[in-house]
Asker: 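Questions regarding the structure given below will be posed in turn.
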Protein chains: 2
Amino acid sequence: MNVNGIGYRTVWLEGASVFFIEQNLLPFEFVIKESSTYIESCHAIRSMMVRGAGAIGAIAGFAMAQAVLASSENNFLEFISHAKLEIEATRPTARNLFYATEKVFNAAIKSREAAVIAAQEIANRDAADSQRIGQFGNELIREGMNIETHCNAGWLAFVDYGTALSPIYLAHEEGKKIFVYADETRPRSQGARLTAWELNQAGVPHAIIPDNAGAWLMSLGKIDMVIVGADRIAANGDTANKIGTLEKAIAAKEYGIPFYVAAPTSTFDAACPDGSSIPIEERSEDEVLYMDGVNSAGNREKILVCSPGSHAINPSFDVTPARFISGIITEKGIIKPDQQSIHQLLSHNKFI
Amino acid sequence: MNVNGIGYRTVWLEGASVFFIEQNLLPFEFVIKESSTYIESCHAIRSMMVRGAGAIGAIAGFAMAQAVLASSENNFLEFISHAKLEIEATRPTARNLFYATEKVFNAAIKSREAAVIAAQEIANRDAADSQRIGQFGNELIREGMNIETHCNAGWLAFVDYGTALSPIYLAHEEGKKIFVYADETRPRSQGARLTAWELNQAGVPHAIIPDNAGAWLMSLGKIDMVIVGADRIAANGDTANKIGTLEKAIAAKEYGIPFYVAAPTSTFDAACPDGSSIPIEERSEDEVLYMDGVNSAGNREKILVCSPGSHAINPSFDVTPARFISGIITEKGIIKPDQQSIHQLLSHNKFI
């Protein structure tokens, strides 16, 4: 996608160097960083300079390729096996990461060149899937629509295009007049920061809204569709996504507004029969109690925004039952969120 | 209510001086300020050092009494008439304010002493009504309940006790084991700041939650009841309250959780047939884009927390249709949110 008019991916490999957008600095600074060793790339994942399922998978594959390129003949297998474990330890719950290290590792057994090709393929595949999600999702978007989205499922979370935002970008490029309501998405405010930044760069008309305003705007008829991403989708269609997704889904159903989830096939977890078996990460209360941003002098600063002495509860995700979801937009088409449709999708899945 | 073990009201009159809690400094500093003239009291209302329907009504009455005490014999009526207009111009939409100035002005025609007594009565009445709301609401609270509340309808918004929090304080004092989830209530965070501060001072077990977490906690069975305040209640029971109230009400209905509104009779507006005739204030986008708090050096600071260049939409209130409300807790009892019950309540209303 374009930043200040220049096309970028979130992460890419040139020679033995990985280049990536330093996402911790966004939306206040846009900086490309270079990592010349797999150890530096591990640090980029761990410190969340690169975040989002697709982007993590891509940089993990590139890091594995960097390790392969840095290995010598005499301790080749030992060196790359050790590197693989090190890369996998950076974000142990990110499933795309393990897929990527495995694939590049196996290719490396053939040749170093094969490892690099495999790593590039992972990133290219991620971008292509996101683009296809955009094409299928775009069919749902009509001229003049107002679309609400939650959190950031844009291109920053993938290699390019994104999931929930991919149809929006395509509709906008085709000249459809649309308007996007970006939920702030407390506590980490990925909507107000990353989604708003992406939409601003792409010139898509939009406004940030407090998470509290969603149902009210729906009740006034100001929202025509909701599209969100997904962190994991169970075999019955129950969907784990950023906390607050459930509130929007319930309100959308109340007001008869279509509610879509956009996600590549790799997000489905056939091993989870339903939402109750998806583990939900509880994160630090500090994400609620403190907020960071830019002060009047232009410096990044973190401030306490809650009553001192009170504690906070910070569940990072929630599970939206399938009954609230109108459909799931995948790279293979839009499917119903039910057991049969998901089974059919996964049985033809060549991704993993 | 107690602050650091000492009993306070939000605002009170001693001689010709008004004393009040400077609410702009909360929750980071607790400071009592003295206003020795009605002009200083007007400034306290205008600058929101005193805020909340009941508290504004009380200080407006006190300010009117201050003007009466400061008047001289020769230009008495001219002086207090001018003061009345000045006080009423501070927050022109606050209905309690006009009631208070009118009542104290009329008493002043009799004597200066009568004016002071009338002003004290307004404040006492506000506190007594809040206390009665607590007694009626407390009957709904059972041992072990987890209660969610939105925004701040605590004693800081009134003279004492509050509305939504009044039953909670009474239940806690009686030794019922309860737990309160205080919604952060973006964008102004009155839940995370004022409600959490109040609950902390009163020793009520509680946690701040992101607004996004409400429906998720409900779906897990972690919330047994929701109690919120109200800014205006229409003749059919539709209730305007802080933005986000509607989302909680919809989610509560989805999960079969009782959803109560707590408000004194003065909050009902018989002239509004339903929610669609309640005007909704649109506030500055800066409340969403910027956030203030305390930095690591202990100083108050305002920082930009959203993507620069994006705009925000900031509706301050929403309207919850009566069908989502289990009951309205008033100082005269708990009523059903329907035309007939509200008509009956208001026809016996001696308040205005």
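Chain letters run A, B, ... following the sequence lines, proteins first and then strands; every chain starts at 1. Computation of the quantities below employed the complete heavy-atom set of this structure, encompassing side-chain atoms and omitting hydrogens, waters and symmetry-equivalent molecules. This structure is a prediction, so every number in the text was calculated from the model and none was measured.
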Asker: Can you tell me which portion of Glu301(A) sits under 4.5 Å from chain B's heavy atoms? Options are side chain, backbone, both or neither.
Answerer: both

Asker: Arg51(B): what forms a side chain to side chain donor-acceptor pair (under 3.5 Å) with it, not counting sequence neighbours?
Answerer: Gln23(B), Asn152(B)

Asker: May I ask you to name which of His150(A), Arg186(A), Met218(A), Lys302(A) has the most heavy-atom pairs under 4.5 Å with chain B?
Answerer: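 The answer is Arg186(A).
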
Asker: Examine whether an atom of Pro308(B) lies under 4.5 Å from a heavy atom of chain A, and if so say whether it belongs to the side chain, the backbone or both; otherwise answer neither.
Answerer: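 Interface part for Pro308(B): both.
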
Asker: Go through the steps for Lys248(B) and Glu247(A) under the test side chain to side chain contact (heavy atoms under 4.5 Å, CB included), then give the verdict.
Answerer: CA-CA 8 Å; Lys248(B) 303 308 158 200; Glu247(A) 293 221 349; 2.6 Å; yes

Asker: For the interface with chain A, which of Ala312(B), Ser307(B), Pro321(B), Pro27(B) has the highest count of heavy-atom pairs at distances below 4.5 Å?
Answerer: Ser307(B)

Asker: Please list, in residue-number order, every residue in residues 235-246 of chain B that has a heavy atom less than 4.5 Å from any heavy atom of chain A; write 'none' if there are none.
Answerer: Ile243(B), Gly244(B), Leu246(B)

Asker: Find the one option among Asp183(A), Thr185(A), Leu26(A), Ile250(A) whose heavy-atom pairs under 4.5 Å with chain B are most numerous.
Answerer: Ile250(A)

Asker: Heavy atoms only: give me the nearest Trp216(B)-Phe317(A) pair and the separation to one decimal.
Answerer: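 Scanning both residues completely, I find the closest heavy atoms to be NE1-O, 3.7 Å.
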
Asker: Output the option from Ala192(A), Pro187(A), Ala249(A) having the highest count of non-hydrogen pairs under 4.5 Å with chain B.
Answerer: Ala192(A)

Asker: Are there residues of residues 276-296 of chain A that reach to under 4.5 Å of chain B by heavy atoms, and which ones?
Answerer: Ile280(A), Val288(A), Leu289(A), Met291(A), Asp292(A), Gly293(A), Val294(A), Asn295(A), Ser296(A)

Asker: Enumerate by number any residue of residues 193-214 of chain A whose heavy atoms lie under 4.5 Å from heavy atoms of chain B; in the absence of such residues, state 'none'.
Answerer: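 Contacts with chain B: Arg193(A), Ala196(A), Trp197(A), Asn200(A), His206(A), Ala207(A), Ile208(A), Ile209(A), Pro210(A), Asp211(A), Asn212(A), Ala213(A), Gly214(A).
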
Asker: Calculate, to the nearest 0.5 Å, the distance between atoms CG and CD1 belonging to Asn299(B) and Ile303(A) respectively.
Answerer: 11.5 Å

Asker: Mind checking the CZ-CG spacing from Arg300(B) to Leu304(A)? Nearest 0.5 Å is all I need.
Answerer: 10.0 Å

